[in-house]
Amino acid sequence: MKTYIKDLSTHKDSVVTLQGWVQNKRESKALIFIILRDGSGFCQCIADLAVLGDIKFAEASKLGQESSISITGKVVEDTRQIGGFEIHVQSIDIVQNCADYPIANKEHGIEFLMDQRHLWLRSKRQWAIMRVRNTVIFSIHKFFQKEGFVQMDAPIFTGNAAEGTTDLFETDFYGQPAYLSQSGQLYGEAMAMAMGKIYTFGPTFRSEKSKTRRHLSEFWMIEPEMAFHDIYDNMDCIEDFVRYVVKEVLENCKVELELLERDTTILEKTVEPFIRLTYDNAVAIIKGEQEVEGQTTIAVLEQDLADTKANIASLKADIAEREEKIAAGGMKKGQVNFNLNTIDKNKNQIKQLEEDERNIPQWLDSAKNFTYGEDFGGSDETVLTRMFDVPVMVYDWPHEVKAFYLKRNPENPRFARGVDMLAPEGYGEVVGGGERETNEQMLIEKINEHKLPMEVFEWYLDLRRFGSVPHAGFGLGLERLIAWICKLPHVRETIPFPRMYGRLNP
RNA sequence: GCCUCAUUAGCUCAGUUGGUUAGAGCGACGGACUGUUAAUCCGCAGGUCCCAGGUUCGAGUCCUGGAUGGGGCGCCA
């Protein structure tokens, strides 16, 4: 039976052997501090010259970052350490000593890190994110299984587009064109008529040339579909589902969230009811015509812009002050380095803030001039969710802007019964779904309206000919959910090897 | 497809109005020192200033075009 770092608390004061990699190392004449990582966690190991002897100690002191080793030593409680324990080393076996590991313990640029993705996955932040991803995936399955859903796999090769507008990746399927799946939903509907409640969990491909923090070319989507469910049942399901997953992460990923420095207040708020708004209502809020808790979006955004400007000014003042101090001289070298590093960090922050400074006025403009009847843009979602601290569900959309398969509101046919769930803190659309059209004639009209080839939808129309029932479902973007839960600046860090516009390797 | 910002040492960045031999920190390497938390201190090495044209007595700096990357819009989860 092997021992892992996560289980050290059960081995207090006994001697164990750990196998792993040198994450970092500090050395002196008689002591070496090795931060060992074994995939399950991180642990400081102290090697003493008096214990190891000259030869072994010299070997250990030469260990490069990410060298692979096996360490035997005593487990000692030490509250200063991450896991609360450290190892007093008795012996070290070197599996491989390596040198010149490319990723240093310092700030790197995103392009460099993405090129080193195969190695970057080993670093602490990425370790934490991948473990949150694992917990999210596992809890998604747990939720649907406990609710009686049947998991199904939709095909990845498809002969048609579910929604004509999106760009598809074309491949060659024995001489005829085929497209990589951009949604398993239509197949999910067929399966729901067989199983009652189903969910898909699979990869999705979209060749949108989008370079934003929310887009990947290959991402994972979860698509439940439920027979005898309407739009309101659907919203209940979305809410229960998202609440459950967030709760599971909060319970099982404490160490990871702490490592990511995630403020969990907003996540804990998901126990409260989510906000439900009709499209009309949401538009009024976006345009600043309707207040939320005494404030309009316009006022909030203008305040955000003012805050951003003030932040930039104070960071610049801080830099100037530090530069002045350094120039004045008399500072120790260590202090100078510290100040230089801080200046670098501030400059990076200023760059990000300056992008906000450029973007916020655009968003403000777009919100003020929002045309009723249009779909929300990314910035409109940001503006809307900025007003609330729980997820927002917007439903009953103008039918023209939504997919052909959505049901019309029988009381007001201008609206289609779609629903989008927008995550707080500016993360925007995480879920899109709705109640499906059950009337065959309405569907045929819509397919024609969208200029889609009727023949490939014949099988889909069969679902309306044989025992058609009200049904609803939604699609959840796994990476967007993880990005929000971890509060990451970009979805690219939520998937082991991201595929996006301009990025196919490694 | 459109808009915008950027590209200088292995990495993160300075480089003033165009002006002599392009700088710093981190990392690497050599040494000193220490229950250290990105330790600290001393020393040393390290450059096709993204590419191609142009303006100029003179270009890292200005202009034109291109490549690559960041961010935003459209589109979407």
Side-chain angles (χ1 to χ4, degrees), chain A residues 23-35 42 44 46 48 64-65 78 80-82 86 88 99-116 124 163 165-167 182-183 185 204 206-217 219-223 319 323 326 332-345 347-348 351-352 354-356 358-363 365-366 374-382 401 403 420-423 427-433 474-481 483-484 489-492 501-503:
Chain A
Q23 196 261 330
N24 199 1
K25 189 192 70 180
R26 285 173 289 277
E27 56 184 297
S28 64
K29 205 171 216 170
L31 287 173
I32 307 170
F33 301 91
I34 295 170
I35 308 296
F42 298 81
Q44 174 166 280
I46 298 111
D48 192 329
Q65 198 184 346
D78 185 329
R80 288 171 298 182
Q81 306 306 324
I82 303 172
E86 60 179 22
H88 289 190
D100 296 326
Y101 186 68
I103 303 176
N105 283 319
K106 60 165 293 193
E107 288 201 31
H108 290 286
I110 191 64
E111 191 187 359
F112 174 79
L113 289 171
M114 288 300 294
D115 285 342
Q116 309 292 333
K124 273 185 185 167
E163 300 161 49
T165 53
T166 316
D167 295 43
Q182 54 146 2
S183 167
Q185 187 211 307
T204 303
R206 300 201 181 159
S207 75
E208 298 155 347
K209 287 179 180 169
S210 298
K211 290 178 72 162
T212 82
R213 59 184 74 199
R214 304 186 302 280
H215 285 85
L216 292 169
S217 304
F219 63 97
W220 288 70
M221 190 153 69
I222 294 89
E223 294 179 286
I319 288 174
E323 279 174 343
I326 292 170
K332 276 189 186 168
K333 199 173 174 189
Q335 280 177 300
V336 174
N337 286 349
F338 174 79
N339 279 296
L340 284 172
N341 273 336
T342 310
I343 288 172
D344 266 10
K345 265 186 196 169
K347 279 183 179 168
N348 276 329
K351 268 188 194 169
Q352 301 216 340
E354 279 175 344
E355 266 177 6
D356 289 345
R358 281 193 293 270
N359 288 332
I360 292 174
Q362 289 178 27
W363 296 351
D365 208 44
S366 155
E374 284 179 6
D375 205 348
F376 293 172
S379 66
D380 304 315
E381 292 172 356
T382 305
V401 301
D420 284 355
M421 194 206 83
L422 313 175
Y427 280 85
E429 188 173 354
V430 168
V431 169
F474 59 91
L476 172 124
L478 179 67
E479 286 75 16
R480 286 190 181 175
L481 178 64
W484 169 55
H490 198 296
V491 289
R492 68 186 151 217
Y501 187 54
R503 170 66 60 179

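When all heavy atoms are compared, the tightest approach of A:Gln116 to A:Pro102 is OE1-CG, 3.8 Å. The heavy-atom pair separating A:Leu478 from A:Ile222 by the smallest distance is CB-CD1, 4.0 Å. Pairing each heavy atom of A:Ala483 with each of A:Val491, the nearest pair is CB-CG1, 4.0 Å. Contact record, A:Gln23 with A:Phe42: CG-CE2, 3.8 Å, taken as the closest heavy-atom pair. Taking both residues in full, the closest heavy atoms of A:Ser183 and A:Met221 are given as CA-CE, 4.0 Å, listed atom of the first, atom of the second, then distance. For the residue pair A:Ser210 and A:His215, the shortest heavy atom distance occurs at CB-CG, 3.5 Å.
Base pairing of B:G25 is made with B:C11, judged by Watson-Crick or G-U wobble geometry with both donor-acceptor distances under 3.5 Å. Across all strands shown, the partner of B:U68 is B:A6, judged by Watson-Crick or G-U wobble contacts whose two distances both fall under 3.5 Å. Across all strands shown, B:G53 forms a Watson-Crick or G-U wobble pair, both distances under 3.5 Å, with B:C63.
Using a 4.0 Å heavy-atom cutoff across all strands shown, A:His88 reaches at least one base atom of the nucleic acid. If you check every strand for non-hydrogen atoms under 4.0 Å, A:Ile110 touches sugar and phosphate atoms only. Residue contacts for A:Asp78: at a heavy-atom cut-off of 4.0 Å it reaches a base atom on one of the strands shown. A:Gly428 comes within contact range of no nucleotide atom at all, as no heavy-atom separation falls under 4.0 Å. A:Val491 comes within 4.0 angstrom of nothing in the nucleic acid, heavy atoms only.
Between the base of B:C11 and the side chain of A:His108 there is no donor-acceptor pair shorter than 3.5 Å. In the interface, the side chain of A:Gln44 is paired with the base of B:U36 through a donor and an acceptor atom under 3.5 Å apart. With hydrogens and angles ignored, no donor-acceptor pair closer than 3.5 Å exists between the side chain of A:Ser379 and the base of B:G72.
Among the nucleotides B:A39, B:G70, B:C75, the one closest to the side chain of A:Asn24 is B:A39. Of the candidate nucleotides B:G35, B:U68, B:G71, B:G71 has the atom lying nearest to any side-chain atom of A:Arg213. Listed nucleotides B:C73, B:G35, B:C11 differ in distance to A:Phe33; the shortest reach to its side chain belongs to B:G35. Comparing atom distances between the A:His215 side chain and each of B:C11, B:A38, B:A77 picks out B:A77 as nearest. Of the candidate nucleotides B:G35, B:C76, B:C75, B:C76 has the atom lying nearest to any side-chain atom of A:Glu381. Of the candidate nucleotides B:G35, B:U68, B:A77, B:G35 has the atom lying nearest to any side-chain atom of A:Ile46.
Listed for the A:Glu479 side chain is a donor-acceptor partner under 3.5 Å among the backbone atoms of A:Trp220. In this structure, the side chain of A:Asp380 engages the main chain of A:Gly377 through a donor-acceptor pair within 3.5 Å.
Sequence order on RNA chain B of the closest nucleotides to A:Met114 and A:Lys209 puts A:Lys209 first from the 5' end. Map A:Leu216 and A:Glu86 each onto its nearest nucleotide of RNA chain B; the residue landing nearer the 5' end is A:Glu86.
Separation of the C1' atoms belonging to B:A9 and B:A28 is 12 Å when rounded to the nearest angstrom. Nucleotides B:U40 and B:C33, compared at atom C1', are 8 Å apart to the nearest Å. Across B:G53 and B:G10, the matching P atoms stand 24 Å from one another, rounded to whole Å.
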Report each atom pair, protein N/O against N/O of nucleotides 49-51 of chain B, whose distance is under 3.5 angstrom.
none

Atom pairs under 3.5 Å: protein N/O with N/O of nucleotides 3-5 of chain B:
none

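Within the 4.0 Å cut-off from OP1 or OP2 of B:G70, at least one side-chain nitrogen or oxygen of A:Lys211 is found. In this model, the phosphate group of B:C73 is approached by a side-chain N or O of A:Trp363 to a distance below 4.0 Å at OP1 or OP2. One finds no side-chain N or O of A:Arg492 lying less than 4.0 angstrom from the OP1 or OP2 phosphate oxygen of B:G69.
When side chains are defined from C-beta on, A:Leu31 counts as touching A:Asp48, because their heavy atoms get closer than 4.5 Å. Using a 4.5 Å cut-off on side-chain heavy atoms (C-beta onward), A:Arg480 and A:Arg213 make no contact. You'll find the side chain of A:Gln44 stays beyond 4.5 Å of the side chain of A:Asp78, heavy atoms only.
We find that CD of A:Glu374 is positioned 13 Å from C1' of B:C75, with the value rounded to whole Å.
Aromatic stacking of A:Phe219 on B:A77: satisfied, with centres closer than 5.5 Å and planes within an angle under 30 degrees.
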